[in-house]
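Note that this is a predicted model, so its numbers are computed, not measured. In what follows, every heavy atom counts, from backbone to side chain, and hydrogens, waters and symmetry copies are set aside. Sequential numbering from 1 along the given sequence is applied to the chain's residues.
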Amino acid sequence: MKILHVAPSFYPATWWGGPIWSTKAICDGIHQTPGMELRVLTTDAASPHQRDQISPADLPYPVHYARRIAGHSVAPGLLARLPAAIRWADLVHLTATYSFPTLPTLALARLIGRPVVWSPRGALQATEDWGAAPRRRIKTLFTQAAQAMRSGHAVLHVTSAAEAAGSVRHLPGIQTVVIPNCVEIPSDVQRPAQADRLRLMYLGRLHPKKGLDLLFDAMDQLPPHVTLDVYGTGAPDYVGTLQRRASDRIRLHGHVEDAGKARAFGSADLFILPSHSENFGIAVAEALAHAVPVITTKQTPWQAINRQGCGRCVDLAKTDLASEIMRLAGADLRRMGEKGRDWVHRDFTAAAMTAAFVELYRGMQMPGEGVVLA
């Protein structure tokens, strides 16, 4: 079966955060599956700045990085290759929402007659859930155009039930399939002994949606032995706002990957994601995989954290973030981290995610009307 994956950016464009890693994990798994042939069509965009271009990664499947000439993903070369690429494919997997490839891919797949798996990666949900989401009117017009252009042979891939609920209101009648992201699970982790200090950590894109202002405000209320390490990057103006609030207790470290990310998790006692909207929140899964307990919000799909005993998922409209942090400070964080790591081992492996996508791809048939999942 021939699979074409279309995305506005692709590994190693890790500036864009979690979706880059999760999209690559899907492609890696599909490439390794017997009977599957994969191609990726994307752009060379390394960040929002036009001058930032990635160096193509050495991957075991073909990836074409079209030259981005404007915006986040405007790449005429991608558009030029798209018709032939869709004709080659048996199925198109689109990972994009408010970006250049979305509408042409939906329209051409309908015209050529190819089924589509569409992964919005939380963008539709964020527009629905987050009152401060920018350019809401333009985004509404965009999704109306997408709804008009998509065929009945399209399935919306979401990573949680919450994302499904926040997305289908924009695309009435579309079928959804929930397949959670996977996370790389280190073979061994060494957790530091709990000390007199409490080391908080945030890792991810630096963006107002992530609620970092709430976390910085909480630090103003917490005692001196609590520190916060922030890993990630974002738009310069917003990063500058955060840097002006940095101190001896709040440190911004910039972007980290691989060994640097592992060291960051290894030196943290508690991971905090106070987000206003998340379709998945892959950094939460990464923290749990490293046996770091988590505090996050009910605007993420991680409510099961409470049930699993590996942190707290809280409603910040009803509780105070600083109080929640101090409540967990007296708990057995090592044991909570172990419970989180066990949970990730059970439910968020690459093998489980790949198997779900293979079943989805192979089950999509095109009879007279609509998509049938066999």
Side-chain angles (χ1 to χ4, degrees), residues 4-9 16-20 22-23 26 41-43 45 48 68 70-75 78-79 82 86 91-179 181 205 207-210 275-281 299-301 360 364 369-371:
L4 172 68
H5 205 121
V6 182
S9 51
W16 304 102
I20 296 298
S22 52
T23 301
I26 294 169
L41 184 56
T42 186
T43 80
R68 185 263 307 263
H72 287 186
S73 57
V74 178
L78 185 152
L79 191 59
L82 195 56
I86 291 177
L91 179 142
V92 178
H93 190 151
L94 170 66
T95 295
T97 307
Y98 308 116
S99 64
F100 176 77
T102 304
L103 298 182
T105 301
L106 292 174
L108 284 168
R110 179 177 182 174
L111 179 66
I112 295 170
R114 296 294 187 270
V116 174
V117 174
W118 183 8
S119 299
R121 292 299 177 193
L124 298 172
Q125 178 191 4
T127 302
E128 178 73 18
D129 294 349
W130 183 34
R135 300 183 295 277
R136 295 177 69 90
R137 176 59 179 164
I138 294 174
K139 290 177 178 178
T140 298
L141 294 173
F142 191 100
T143 52
Q144 289 172 349
Q147 175 75 348
M149 290 180 182
R150 73 170 181 86
S151 74
H153 307 298
V155 168
L156 195 71
H157 158 237
V158 293
T159 56
S160 66
E163 185 187 359
S167 300
V168 296
R169 286 188 283 271
H170 296 267
L171 301 165
I174 197 167
Q175 185 173 358
T176 62
V177 173
V178 178
I179 302 177
N181 291 328
R205 189 159 61 104
H207 188 279
K209 185 188 82 166
K210 302 294 185 176
S275 187
H276 296 290
S277 176
E278 291 289 337
N279 68 308
F280 186 74
Q299 281 66 50
T300 76
L360 173 62
M364 290 183 70
E369 297 181 4
V371 173

Practice prompt. Show your working on side-chain contact (heavy atoms from CB on, under 4.5 Å) between S151 and V116 and close with a plain yes or no.
Written response: CA-CA 9 Å; S151 74; V116 174; 5.8 Å; no

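- At least one side-chain heavy atom of S22 sits less than 4.5 Å from a side-chain heavy atom of R121.
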Worksheet item: Stepwise, does the side-chain contact (heavy atoms from CB on, under 4.5 Å) test hold for T105 with R114?
Response: CA-CA 10 Å; T105 301; R114 296 294 187 270; over 6 Å; no

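- Rounding to the nearest 0.5 Å gives a distance of 7.5 Å between CG of L91 and CG of L360.
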Discussion item. Please evaluate residues S275 and Q299 with respect to the criterion side-chain contact (heavy atoms from CB on, under 4.5 Å), reporting the C-alpha separation (whole Å), side-chain torsions for both, the decisive distance (0.1 Å), and the verdict.
Written reply: CA-CA 7 Å; S275 187; Q299 281 66 50; 5.9 Å; no

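- Closest non-hydrogen pair, S73 versus T43, comes out as O-CG2, 3.8 Å.
- When each of L78, T95, L82, L79 is paired with P101, the side chain to side chain contact (heavy atoms under 4.5 Å, CB included) condition holds for L78 and for no other.
- Between E278 and K210 there is a salt bridge, since a side-chain N of the basic residue sits under 4.0 Å from a carboxylate O of the acidic one.
- R68 places a side-chain N or O within donor-acceptor distance of the main-chain N or O of G71, the cut-off being under 3.5 Å.
- Remark: the backbone N or O of I179 is paired with a side-chain donor or acceptor of H157 at under 3.5 angstrom.
- Between M364 and V117 the shortest heavy-atom distance is SD-CG2, 3.5 Å.
- In terms of the ring pair (Phe, Tyr, Trp, His ring centres under 6.0 Å) criterion, residue partners of F142 (sequence neighbours excluded) are, by chain and number, Y98.
- Here the closest non-hydrogen pair linking T42 and P8 is OG1-C, 3.6 Å.
- Between P208 and H276, the shortest heavy-atom contact is O-CD2, 3.5 Å.
- In this structure, CZ on R150 lies 12.5 Å from CG on L94, to the nearest 0.5 angstrom.
- Residues R110 and A148 come closest through the heavy atom pair NH1-O, 2.8 Å.
- Contact detail for K209 and S277: the closest heavy-atom pair is CE-O, 3.3 Å.
- Although no hydrogens or angles enter the test, the distance criterion places a donor-acceptor pair under 3.5 Å between the side chain of W118 and the main chain of A96.
- To the nearest 0.5 Å, atom NE2 of residue H5 and atom CD1 of residue I26 are 5.5 Å apart.
- Note that CD of Q147 and CG of L106 are 10.0 Å apart. Values are rounded to the nearest 0.5 Å.
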Worksheet item: Given S167 and L156, is the side-chain contact (heavy atoms from CB on, under 4.5 Å) satisfied, shown in steps?
Response: CA-CA 9 Å; S167 300; L156 195 71; 3.7 Å; yes

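- Going from atom CD1 of I138 over to atom OG1 of T143 covers 12.0 Å, rounded to the nearest 0.5 Å.
- Here the CG atom belonging to L171 is positioned 10.5 Å from the CD atom belonging to Q144, to the nearest 0.5 angstrom.
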